[in-house]
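So you know, we letter chains A, B, ... as the sequences are listed, proteins then strands, and number each from 1. Bear in mind that the values here come from a model prediction, so they are computed numbers and not experimental data.
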Amino acid sequence: MESVMSHENELNFKATELRLGLPGTEISAAKNNNNKRASPEENGSKCVISSAKSSTENETAPAPKAQIVGWPPVRSYRKNNIIQTKKTEHETGIYVKVSMDGAPYLRKIDLKVYNGYQELLKALETMFKFTIGEYSEREGYKGSEYAPAYEDKDGDLMLVGDVPWNMFMSSCKRLRIMKGSEARGLGCGV
Amino acid sequence: MGYSFPEEALEHVLWFLSSDKDRNSVSLVCKSWYEIERWCRRRVFVGNCYAVTPEIVIRRFPEVRALEMKGKPHFADFNLVPEGWGAYVYPWISAMSVAYPWLEEIKLKRMVVTDESLELISKSFKNFRVLVLSSCEGFTTDGLASIAANCSNLRELDLRDSEVEDLSGHWLSHFPDNCTSLVSLNMSCSGSEVSFSALERLVARCPNLRTLRLNRAVPLEKLPNLLRRAPQLEELGTGAYSAEIRSDIYSNLAEAFSFCKQLKGLSGFWDVVPAYLPAMYSVCSGLTSLNLSYATLQCPDLTKLVSQCHSLQRLWVLDYIEDSGLEALSASCKDLQELRVFPSDPFGAEPNVFLTEQGLVSVSEGCPKLQSVLYFCRQMSNAALITIAKNRPNMIRFRLCIIEPQVPDYLTLEPLDTGFGAIVKSCKELRRLSMSGLLTDRVFDYIGTHAKKLEMLSIAFAGDSDLGLHHVLSGCDSLRKLEIRDCPFGDKALLANAAKLETMRSLWMSSCSVSYGACKLLGQKMPRLNVEVIDERGPPDSRPDSCPVEKLYVYRTVGGRRIDMPGYVWTMDEDSTLEFS
């Protein structure tokens, strides 16, 4: 009985509750935000902004986070270093040509966009509409007619996946998706 | 008093006393001991350059050979102190150029050092040996050129974390050919490309060179040239750790590292190319200090690297090391004393790495000598802090920064009071503490009650009321430096504990609730304190007395009020209230 009563009360309360969000949308109680107190913005004055934070889930674009001066307490030369590193990472893409045996024209991709082999191979599968098999160190790519290969700095044709990702990124000159008997020869671990 | 202990004997005994604390005690015994001591004090440490004047120091200690001094408040590191605040070293150099012609050492931290000052140093002190500029600014490579050119006996030139304006990379070439005395050179903060051949020749002709910290512009391919000429190096800071992937570069580098059998400390590692890491594996087992805080390596590479450094005592690293890397660290590095984990993406809204409180807990479990921690993370729990406290009662420095302000215990959603309370209860020798996360007045009660050896406390976005501040000021017997930002602390606690402030070096409060009226009152009551209001909104008098000040810096001094304040700093003393009445 008691629980029904409180449930009813809760419903009524919710119906008249002032919320920030589009009408008809449910706002799930934000887990962390309820216990957050607002940081004092003006000297001494406090404004309660926790309710605004909990409604960002339903807005189309999240409000940009206001950066507090000197927080987190990281020295500027450290911040500059990370920003610089990030910048160089984004500015200079590693673009390589991708050819597929039998395809009429080549494509070009930016290796920097991918976080590892999985992502790269998935992208290649999508781009060229084929499936790559399972990779194993012993047998290369099993279960498919295709094998992803690349030309390294020395001009050698190498199987994709053998070396650490970072090393691959820095030594890969172009990609070649091989098909048929050639592919089997490359993928077969001798 | 038939006291006939010869002065010379006492002087001889005092020669063995190097600690300032001991010498200060000696000087309090009686007037003659005071006199004897002051004539033979060779090293002076001034923790706050405004606590005393050059004249007073020179008058008391006529035979000083080494000066170490600090200027701006610590929060200047995080841009909380506006430009032009002060901490100029020139007046000191000027006075000492006359009074201390035999000065050998100057070590400065957070001070403004101009080229003029550097030139004056280089020309005034014939036996000058050691210049350490830590987090300083205001000088250019021209000033460095003066030092290089004129200090013929220079042993140490260390510019750690300073800001130098790069006008020309040729400053290094100003070291004369007959300069062979260098023991330590740290130019890691400089941006310009120095002449490599000049650097090479310098390294080659200084057989006692033990520390060499290069700047980012020194290319990796050329590093072996330097290492081969300085196999006696104990501390090395690499330049950029990247090069085209070529086996000849790699083997050259690996071989050069293998010659450096004395290497104990490594730093640098900007722009790391992981393929070149194994080249330095040969030195890992002997390393006691490793600074990877610029190395954007990912977890597997970092883990592999630290797991080989079995003698490691100090590690600075980015949070790319993640919890798993820290677990490997705790298993491999049983001598670890100091750990600093810096954030790779401090302003990102979401975590970009898998680093949580668990990493720190692992290290606290596995490393019995761990006593100094600086840890940036995005979540924390009371349970974790309690575990850390239980594991490491030998903790001396504990600085925790949870990146989002006022974040509660992520498991219980409670404040982190009990966690930090456990730290101060268990770690009885704790000297430095920085806190973050959601904290109420209760944590300050714990601190005031238990943190009796605490010397430095940093607080941000914490507390509920003046009671918090009162607990700290009334309870922490050893407190020397207190820095507070964005806390609801106001007039009552400050005024009630005014006397405490004279026992401390300094107090910083910014974005709190201290009123202008209270500042004036404090300045009036306490003539031996400088109470400085920093307010960029204009004169505090243009606002009501009840209006809170932007920033407040209070420090004890025997030097009187500052005479070099910028327009946005006002000193509160008896005069200031009379001026406007």
Side-chain angles (χ1 to χ4, degrees), chain A residues 29-46 48-50 53 56 61-90 92 115-116 152-154 163-173, chain B residues 75 77-80 135 161 163 189 216 244-246 270-271 273-275 293-294 296-298 300-301 318 342-347 349 376 399 401-410 413-415 434 436 438 458 460-461 464 485-488 490 510-515 547-550:
Chain A
K31 297 155 274 173
N32 301 330
N33 293 342
N34 289 334
N35 278 6
K36 266 194 202 175
R37 284 198 320 248
S39 35
E41 288 184 339
E42 292 299 318
N43 295 321
S45 70
K46 281 186 179 187
V48 181
I49 51 175
S50 48
K53 281 185 182 171
T56 52
K65 212 172 200 177
Q67 240 179 57
I68 307 168
V69 174
W71 192 268
V74 177
R75 305 274 315 260
S76 38
Y77 59 75
R78 290 196 184 282
K79 287 187 261 178
N80 292 341
N81 178 63
I82 311 247
I83 294 169
Q84 227 182 76
T85 315
K86 273 193 170 166
K87 252 176 88 182
T88 49
E89 275 172 13
H90 291 151
T92 58
N115 283 329
D152 73 354
K153 284 189 159 105
D154 299 324
V163 299
W165 173 253
N166 281 336
M167 193 176 273
F168 165 75
M169 271 215 291
S170 44
S171 51
C172 171
K173 286 281 155 246
Chain B
F75 274 177
D77 285 355
F78 315 122
N79 302 328
L80 288 180
S135 304
D161 304 335
E163 249 180 67
C189 62
R216 198 171 186 163
E244 218 188 307
I245 301 203
R246 274 170 39 191
W270 288 281
D271 314 315
V273 165
S293 60
Y294 299 108
T296 48
L297 292 164
Q298 301 301 312
D301 292 317
L318 287 170
F342 295 96
S344 54
D345 189 14
F347 305 112
F376 283 81
R399 297 158 72 187
C401 179
I402 307 167
I403 288 178
E404 178 77 22
Q406 298 177 324
V407 150
D409 175 329
Y410 77 101
L413 298 184
E414 284 172 0
S434 303
S436 52
L438 185 64
S458 309
F461 305 103
D464 309 309
R485 62 163 296 176
D486 294 276
C487 296
S510 57
S511 305
C512 296
S513 310
V514 180
S515 72
C547 188
V549 299
E550 272 181 356

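Comparing Pro300(B), Cys547(B), Ser436(B), Ser135(B) by heavy-atom pairs within less than 4.5 Å of chain A, the highest count is held by Ser135(B).
Using a 4.5 Å cut-off between heavy atoms, Asp161(B) touches chain A through backbone and side chain atoms alike. Contact annotation for Ser170(A): only side-chain heavy atoms (C-beta onward) come within less than 4.5 Å of a heavy atom of chain B. Contacts between Leu80(B) and chain A at a heavy-atom distance below 4.5 Å involve the side chain alone, from C-beta outward.
For the pair Pro164(A) and Pro274(B), the minimum side-chain heavy-atom distance is 4.5 Å or more. Side-chain contact between Pro72(A) and Phe78(B) is absent, with no heavy atoms from C-beta onward closer than 4.5 Å. Between Pro73(A) and Phe75(B), every side-chain heavy-atom pair lies at or beyond the 4.5 Å cut-off. Counting heavy atoms from C-beta on, the side chains of Phe342(B) and Val74(A) never come closer than 4.5 Å.
The heavy-atom pair separating Val69(A) from Asn79(B) by the smallest distance is CG1-O, 4.0 Å. What you find for Arg485(B) and Gly70(A) is that their closest heavy atoms are NH1-O, 3.2 Å.
Classified by interplanar angle (parallel below 30°, tilted 30° to 60°, perpendicular above 60°), the ring pair Phe461(B)/Trp71(A) is perpendicular.
Here Met169(A) contributes atom CE and Ile245(B) contributes atom CD1; the two are 10.5 Å apart, rounded to the nearest 0.5 Å. If you take CG on Asp77(B) and CZ on Arg78(A), they are separated by 10.5 Å, rounding to the nearest 0.5 Å.
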